[in-house]
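Sequential numbering from 1 along the given sequence is applied to the chain's residues.
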Amino acid sequence: MISYPRWKIALVAIVLILGILLALPNLFGEESALQLARDRAVVSPSDRSSVEQILKDKGVTPTGSFLDQGRLRCCFASKQDQLKARDLISEARTNQFTIALVAGVRVCPSGCATWA
């Protein structure tokens, strides 16, 4: 029987585990999102509900939204929804938010209550 030294078997196992860990983010993919922030203040839960209501009234439904470090992040199913939502928010709440287009990883963050 062929016998390999234990250090070689351990090295192969470590490389395989490291390769799997590095490949995991690619399995989740990305989704389109908007990140809303204020200049000198944090985004409040009331801002979150009003933004969600603006989008809901115009027929754009985010797949999830959450507050993280004073910023609101709304995720969408498609790029078209993302761009439409950006336009709707910037028209309805002129100069109140800085809006960034973001491609986020499809993982539910901690404290995310409306993730669908």
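With contacts defined as side-chain heavy-atom distances shorter than 4.5 Å, the pair Phe97/Val43 qualifies. Leu67 has its side chain out of reach of Arg71: every pair of non-hydrogen atoms, C-beta onward, lies at least 4.5 Å apart.
Between the Thr63 side chain and the Cys75 main chain, a donor and an acceptor come within less than 3.5 Å of each other. A donor-acceptor contact shorter than 3.5 Å links the side chain of Gln82 to the backbone of Ala33. Between the side chain of Asp57 and the backbone N or O of Ile54, no donor-acceptor pair lies under 3.5 Å.
The CG atom of Leu101 sits 10.0 Å away from the CZ atom of Phe76 when rounded to the nearest 0.5 Å. Atoms CD and OG, from Gln53 and Ser46 in turn, are 13.5 Å apart once rounded to the nearest 0.5 Å. Here Lys56 contributes atom NZ and Ser49 contributes atom OG; the two are 11.5 Å apart, rounded to the nearest 0.5 Å. Residue Leu22 holds its CG atom at 4.5 Å from CG of Leu18, rounded to the nearest 0.5 Å. The OG atom of Ser32 sits 8.5 Å away from the CG atom of Asp81 when rounded to the nearest 0.5 Å. For the atom pair Ile14 CD1 and Ile9 CD1, the distance stands at 12.0 Å (nearest 0.5 Å).
Among Val60, Thr94, Ile99, the single residue meeting the side chain to side chain contact (heavy atoms under 4.5 Å, CB included) criterion with Ile89 is Ile99.
Between Leu34 and Arg86 the shortest heavy-atom distance is CD1-N, 3.6 Å. The two atoms that bring Ser65 and Leu72 nearest to each other are CB-CD1, 4.4 Å, heavy atoms only.
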CA sep, side-chain torsions, deciding dist, call: Thr98, Arg38, side chain to side chain contact (heavy atoms under 4.5 Å, CB included): CA-CA 6 Å; Thr98 301; Arg38 291 188 182 263; over 6 Å; no

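Under a 4.0 Å N-O distance rule, the pair Glu52/Arg48 qualifies as a salt bridge.
Donor-acceptor pairing under 3.5 Å is lacking for the side chains of Asp47 and Ser50.
More than 12 heavy-atom neighbours from other residues, nucleotides or ligands sit within 6.0 angstrom of CZ on Arg93.
Criterion: ILVMFWY side-chain heavy atoms under 4.5 Å apart, direct or through other members. Under it, Val42 and Phe66 are not part of a common hydrophobic cluster.
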